[in-house]
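Just so it is clear, the structure is predicted and the values come from calculations on it, not from any experiment. Proteins get letters first, then strands, A, B, ... in listed order; numbering begins at 1 in each.
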Amino acid sequence: VAVPVIAAPSRAAPPPRQRRSRLWAALAAPGIFWLCAFFIFPLYVVLCIVFGQIDPVFRTPVPVWNPLQWDPTQFTYVLTHIVGTNGVYGPAILRTFVYVLLASSLCLLIAFPVAYYVARLSGRRKGLLLALLIAPFWISYMMRMFAWVNLLQDDGLFNKVLSLGGLLTPEVNWLTGQPVVVVLGLVYGYVPYMILPLYAFLDRIESSMLEAGRDLGASRASTFWRVTLPLSKPAIYAGLVIVALPMFGDYYTTTLLSGSPKTFMIGNLIDNDIGTAGRGPEGAVFVILLMLLLIVPMLYYMRTLRNQETG
Amino acid sequence: MSDTVIQAREIRAPRLRTRGPLGWWKDPFRKPRILSAITWGYLAWSILPVLVAIALSFNAGRSNTQLQTLGLRWWLNDPDGEGLFQDPELRAAILQTYRLSFLTMLIAVPLGVAFAIGIDRWHGRLAKGASFLMLLTFVMPEIIIGVAMQLVFQHLLKAVHLGTTAQVLGLVTYQISYPVIIVRARLLSIGKEFEEAGMDLGATPRQSIRRVLLPLLYPAIFASFAIVFADTVDDFVTVRYLSGQSSTEPLAIKIYSVARAAPTPAVNAAATFMLITTTIVIALGYAAYKRASRGQAGGDVSALTQL
């Protein structure tokens with residue numbers, strides 16, 4: 001009688017732990033396959049096109065699959081045309097940095113006070129305010145930009161308001177290559193993405209921390225500078241990265257609000273190349289450059305996301 | 001009795017002494033007027049332009065910048081047939097937007113939910129790598145993914161024509177991380193106890209997922225549906241690089257291409273129409289979320305605010 005009892009466990013072929021881990025793998029498999037096929041593979045194709053050849057007749061890119069045969073001609077061509085006498089790409093790249101820096105700083109200047117007020121001081125209006133803060137998320141970006149295009153036309157409402165009912169005649173064509181308009185457009189487009197994470201963070205700061213600061217003799221201002229602000233540093237960095245990353249890849253905001261090459265950004269370089277026959281590889285070079293440029297902020301943002309996931 | 005009255009007066013005294021702007025500034029109990037002004041100012045700046053755009057869709061005139069008289073001309077009965085419900089191009093654009101959102105939602109959410117459960121429980125290097133890749137799709141600027149996929153479909157996988165199929169493939173790639181992040185946050189707050197209890201009571205791992213874990217995940221799943229829908233309606237970059245003929249261009253592209261070329265208020269009407277439907281879907285998603293999470297401690301909506 002004792003023998004079959006001992007033999008029983010070995011009949012259930014894989015032990016439960018192993019069998020379960022196979023189930024987990026099976027659940028994750030479709031997603032992993034998808035990422036490999038439609039994320040990793042396309043990125044590899046971009047590399048193969050950047051370091052590949054161009055068909056001499058049809059001017060279409062010919063990807064080279066073997067990394068050992070990669071030809072850096074196109075890559076170095078773009079790199080050598082960024083600065084110096086042939087620096088045709090330099091201005092747009094520099095401009096992107098300036099715009100993104102200005103726009104994300106402005107975002108922070110707006111987002112922090114708003115998030116702070118809603119999280120800590122809004123009292124019973126909090127629900128309403130939160131709903132209004134979330135509203136831009138489901139109003140499409142294009143509609144929000146389109147609304148501004150209408151307002152900023154020469155005969156639009158904005159100039160009407162500026163003229164104070166005919167007293168002044170503002171002779172400004174806002175939509176023809178004004179950097180201010182583009183930067184403010186970027187702020188308008190992306191600031192909601194910064195307010196919500198900041199709000200979520202400030203809302204979680206224990207009030208006991210602030211009370212401890214006050215109890216130990218700090219004034220309200222110095223409690224803010226020495227307790228609240230240092231505590232929210234990670235959230236501020238994360239918020240800056242959240243708005244800066246999409247801004248670096250943005251081209252439609254400047255196209256809609258200015259349309260002039262004077263305000264072109266890296267995204268416009270990519271977009272123009274991709275839309276022009278025979279310049280696909282050059283666009284691919286910019287895609288790779290953009291990725292290299294953003295690798296550090298992307299990794300930083302991923303780290304904050306992972307920290308949130310693990311609590 | 002009289003003692004207490006005297007004490008009360010002494011406490012009040014310092015507040016009464018300082019009046020004027022300086023006193024207001026030093027008053028620790030003052031209302032946060034500056035911050036509230038910034039907040040309401042921001043909200044006005046953020047929402048008024050959209051309200052103006054909505055109002056302009058009811059313009060009876062041709063202008064897209066000035067409201068003349070009110071009317072439903074650009075919704076229903078423009079004499080030249082350019083109203084929203086008359087113009088076949090606008091109708092096609094709206095339909096294409098829905099088609100893409102619906103298909104993306106149907107593919108991305110199940111894929112993402114399965115992936116999230118699998119990755120959350122399955123430990124090992126491969127799982128870590130996959131979760132890294134997933135977050136990478138989330139943080140990467142859309143233009144990179146869009147261009148990369150366009151190059152693939154244009155030069156290699158020519159069987160997938162640029163158009164609806166390519167657009168859905170691209171959108172799913174870009175959207176799949178939302179359900180993953182939302183569901184993982186939810187999994188974290190649920191813990192493993194319910195599932196283990198199910199298995200202690202005799203359920204197989206598969207049954208415990210289907211009958212214990214999945215119902216607990218419903219709130220996160222509904223939230224994912226609503227978010228993926230709203231974000232796909234909003235999508236522009238991926239969809240534009242992967243669009244084929246003009247019939248596969250959703251509304252976002254239509255708005256982009258006519259915005260600087262004398263658009264009629266019909267475009268405002270179309271955008272307003274989309275806004276209304278997205279609001280309805282979000283409201284439905286929220287209601288389903290509320291219903292499904294009845295009696296459970298929340299905690300995953302806060303994850304939404306961090307996306």
Side-chain angles (χ1 to χ4, degrees), chain A residues 20-21 23-25 27-28 30-32 34-35 38-39 42-43 45-46 49 61 110 113-114 117 121 132 135-136 138-144 146-151 153 155-156 196-197 199-200 245-246 248-249 252 256 259 267 270 274 283-284 287 290-291 298 301-302 305 308-309 311, chain B residues 28 32 35-36 38-39 42-43 46-47 49-50 52-53 56 64-66 111 114-115 117-119 121-122 130 133-135 137 139-144 147-152 155-156 169 173 176 184 188 205-206 230 233-234 236 252 255-256 259-260 271 274-275 278-279 282 302 305-306:
Chain A
R20 241 188 290 167
S21 108
L23 173 64
W24 305 141
L27 277 173
I32 294 177
W34 190 284
L35 287 180
F38 299 116
F39 182 57
L43 289 182
V45 170
V46 172
I49 285 176
I110 296 172
V114 171
Y117 177 76
L121 303 165
L132 291 175
W138 75 77
I139 306 172
S140 97
Y141 192 95
M142 278 304 142
M143 183 187 189
R144 299 201 294 140
F146 182 59
W148 273 106
V149 171
N150 289 343
L151 290 180
Q153 296 284 7
D155 61 344
L196 279 189
Y199 161 81
L245 283 174
F248 269 107
Y252 33 93
L256 281 179
I270 298 177
I274 290 300
V287 166
L290 188 64
M291 245 170 78
M298 284 197 292
Y301 185 21
M302 286 165 73
L305 280 173
Q308 276 164 13
E309 270 179 13
Chain B
L35 284 176
S36 94
I38 294 177
T39 304
Y42 161 73
L43 286 174
S46 148
I47 289 168
V50 177
V52 171
L56 282 168
N64 217 330
T65 50
Q66 297 163 30
L111 260 182
F115 181 88
I117 299 175
I119 288 297
R121 304 290 150 91
W122 175 33
L133 278 186
M134 185 59 77
L135 282 181
T137 64
V139 302
M140 194 165 273
E142 219 182 333
I143 192 169
I144 296 178
V147 167
M149 289 190 87
Q150 194 207 39
L151 290 173
V152 169
H155 300 301
L156 297 163
L169 291 176
T173 310
I176 190 172
R184 288 192 75 176
L188 199 75
R206 206 176 294 206
V233 167
D234 194 11
F236 167 71
I255 296 180
Y256 178 78
R260 295 300 300 274
M274 281 320 293
L275 177 58
T278 317
T279 309
I282 293 207
S302 67
T305 60
Q306 285 155 27

For [X], is it the side chain, the backbone, both, or neither that has a heavy atom closer than 4.5 Å to a heavy atom of chain A?
X      : value
B:V147 : side chain
B:M274 : neither
B:R260 : side chain
B:I282 : side chain

Close side-chain approach of [X] to [Y], heavy-atom, < 4.5 Å:
X      : Y      : result
A:P136 : B:S46  : yes
A:F39  : B:M149 : no
B:F115 : A:P30  : no

Among the listed options [options], the residue most often paired with chain B at heavy-atom distances under 4.5 Å:
options                       : result
A:A147, A:G249, A:P42         : A:P42
A:L290, A:V46, A:L151, A:I139 : A:I139
A:L35, A:V45, A:I270          : A:L35
A:P246, A:A25, A:A135, A:G31  : A:A25

Side chain, backbone, both or neither: which part of [X] has an atom under 4.5 Å from a heavy atom of chain B?
X      : value
A:W34  : side chain
A:L132 : both
A:I32  : both
A:P113 : both
A:L256 : both
A:F38  : both

[X] [atom1] to [Y] [atom2] distance, which is reported to the nearest 0.5 Å:
X      : Y      : atom1 : atom2 : result
A:L305 : B:R184 : CG    : CZ    : 11.0 Å
A:I49  : B:L156 : CD1   : CG    : 6.5 Å
A:R144 : B:D234 : CZ    : CG    : 8.0 Å

What closest approach, in Å, do [X] and [Y] show between heavy atoms, and which atom pair accounts for it?
X      : Y      : result
A:L245 : B:V139 : CD1-O, 3.5 Å
B:R206 : A:L23  : N-CD2, 4.0 Å
A:Y117 : B:L35  : CD1-CB, 3.7 Å
B:A252 : A:M142 : O-CG, 3.6 Å

ask   = Looking at A:Y252 versus B:Y256, is the centre-to-centre ring distance below 6.0 Å?
value =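 Ring centres of B:Y256 and A:Y252 not closer than 6.0 Å.
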request  = Determine, step by step, whether A:L43 and B:I144 satisfy the side-chain contact (heavy atoms from CB on, under 4.5 Å) criterion, reporting the C-alpha distance in whole Å, the side-chain angles of both residues, the deciding distance to 0.1 Å, and the verdict.
outcome  = CA-CA 8 Å; A:L43 289 182; B:I144 296 178; 3.9 Å; yes
Name the member of [options] that forms the most heavy-atom pairs with chain A at distances under 4.5 Å.
options                       : answer
B:A230, B:A53, B:A259         : B:A259
B:I47, B:L133, B:I38, B:L56   : B:L133
B:I119, B:T137, B:T278, B:V52 : B:T137
B:I117, B:L151, B:L275        : B:L275
B:A271, B:P49, B:P141         : B:P49

